[in-house]
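Contents: one structure, followed by commentary.
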Number of protein chains: 2
Amino acid sequence: MSEQQQEQRPDLPLDVFAAFCPSREVFAELADKWSLLILASLHRLGEQRFSELQRSVSGVSRKMLTQSVRTLERDGLVLRTVHPEVPPRVVYGLLPLGRGLAERVVTIGDWVEANSPAVIAARAGFDEGRGTACEVA
Amino acid sequence: MSEQQQEQRPDLPLDVFAAFCPSREVFAELADKWSLLILASLHRLGEQRFSELQRSVSGVSRKMLTQSVRTLERDGLVLRTVHPEVPPRVVYGLLPLGRGLAERVVTIGDWVEANSPAVIAARAGFDEGRGTACEVA
DNA sequence: CTGCCCTGGTAACCAATAGAGACTTGGTCT
DNA sequence: AGACCAAGTCTCTATTGGTTACCAGGGCAG
């Protein structure tokens, strides 16, 4: 009882750069491939069931999908709704909290799609330089 | 010779959600804790040498810092400058390409710092619900 | 002159984690 | 009866992250 909401001390600045800070833990949990792609996919396509999500985030294994989506649910970003039918139907959707994050995540997805040619070109240059240097030596 | 910039076929839409797409590879490489924190830190604090970066991104090991920063350099996001002094001084800074991404990354860092209390509260609620259910059963 | 310090790494080793694939549950369709 | 969904879960292996020890090579204290 008694909402034990720890009124976060303003003297503890919640800094993602601090290893010990709770916000770092949150950041570390979210900053992975699958979590970000799931958020972005839910943002783009809206509510999806498990298998739809697995298709839309192509390449994710059932295990990792379950795990990531569980974490997102636990963190209050995603709502998991079980329709007790047969066969079972489980639908995942963004909660308001998750939507705020997802909006920012999609900007990163967009950046990557827009700039991956440049990145790949840079890689080619880097590897070529390295390679040449090695060959010459 | 002949800038081999592959004019990316508009029929290959560069989709981060596609497992096979090059942009997915780029995304997967960048979407990790350390890479994102390094980009954000370089954006916030500007150029930093290796040890400064290790301090500002607290918790990162030398190995992971080296590895991540090498990848970012290879991808054309970060510039690594070696000053051949003694003791050696190596400075890392954002390139224009990296700056564009870093700007978006910091918005995620800001979101996490602003919303981690809500996330942590959601977790508490989730775990409590689970816990109670288990206890009751 | 000897030896220890400094930075920016690298190599080796070990624990944790991601991925691949079989198994589960239970109702329905053939 | 047997196969077949969906949404997981379990197990086993490959990869990865983290920790420690070590290196170069000049400065400088003794």
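So that the names make sense, note that chain A is the first sequence line, chain B the second, and so on, each numbered from 1.
From B:Leu36, atom CG reaches atom CD1 of B:Ile108 across 7.0 Å, with rounding to the nearest 0.5 Å. Rounded to the nearest 0.5 Å, atoms CG (A:Asp75) and CZ (B:Phe126) are 9.5 Å apart. Going from atom CG of A:Leu79 over to atom CD of A:Glu47 covers 7.5 Å, rounded to the nearest 0.5 Å. Between atom CG of residue B:Leu53 and atom CG of residue B:Leu37 there is a gap of 10.0 Å, rounded to the nearest 0.5 Å.
Residue A:Tyr92 places none of its side-chain N or O atoms closer than 4.0 Å to OP1 or OP2 of D:dA7. For the pair A:Arg89 and D:dA7, the criterion of a side-chain N or O lying under 4.0 Å from OP1 or OP2 is not met. For the OP1/OP2 pair of D:dA6 and a distance below 4.0 Å, the side-chain nitrogens and oxygens of A:Arg55 include no atom meeting the criterion. For B:Ser51, a side-chain nitrogen or oxygen approaches OP1 or OP2 of C:dG8 to under 4.0 Å. Dashed line: the shortest gap from a side-chain N or O of B:Arg70 to OP1 or OP2 of C:dG9 is under 4.0 Å.
Counting only distance, with no hydrogens or angles, the side chain of B:Ser68 and the backbone of B:Met64 share a donor-acceptor pair below 3.5 Å. A distance-only check finds a donor-acceptor pair linking the side chain of A:Ser58 to the backbone of B:Ala19 [under 3.5 Å].
The CD-P distance, from A:Glu52 to D:dG8, rounds to 13 Å in whole Å. One interatomic measurement links the two molecules: CG of B:Leu65 to C1' of C:dG8, which rounds to 10 Å at whole-angstrom precision. If you take CD of A:Gln54 and P of C:dA18, they are 16 Å apart, rounded to a whole angstrom. For the pair A:Phe50 CZ and D:dA7 C1', the interatomic distance rounds to 6 Å; values are reported in whole Å. Residue A:Glu29 contributes atom CD, which lies 11 Å from atom P of C:dA18 at whole-angstrom precision. Here C:dG8 presents its P atom at 10 Å from CZ of B:Arg80, a figure rounded to the nearest Å. For the pair A:Glu73 CD and D:dA7 P, the computed distance is 14 Å after rounding to whole Å. D:dA6 atom C1' lies 13 Å from atom NE2 of A:His83, rounded to whole Å.
Of the listed nucleotides (C:dG8, D:dA7, D:dG17), D:dG17 has the atom at the smallest distance from the side chain of B:Gln67.
Each of A:Val86 and A:Asp32 lies near DNA chain C, and the nucleotide nearest A:Asp32 is the one positioned closer to the 5' end.
For the 3.5 Å distance criterion, the side chains of A:Glu29 and A:Thr71 fail to qualify, holding no donor opposite an acceptor.
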Collect all protein-nucleotide pairs involving nucleotides 19-25 of chain C in which both atoms are nitrogen or oxygen and the distance is under 3.5 Å.
{"residue": "C:dG19", "atom": "OP1", "partner": "A:Lys33", "partner atom": "NZ", "Å": "3.4"}
{"residue": "C:dG19", "atom": "OP1", "partner": "A:Trp34", "partner atom": "NE1", "Å": "3.4"}
{"residue": "C:dG19", "atom": "OP2", "partner": "A:Trp34", "partner atom": "NE1", "Å": "2.9"}
{"residue": "C:dG19", "atom": "N7", "partner": "A:Lys63", "partner atom": "NZ", "Å": "3.0"}
{"residue": "C:dG19", "atom": "O6", "partner": "A:Lys63", "partner atom": "NZ", "Å": "2.8"}

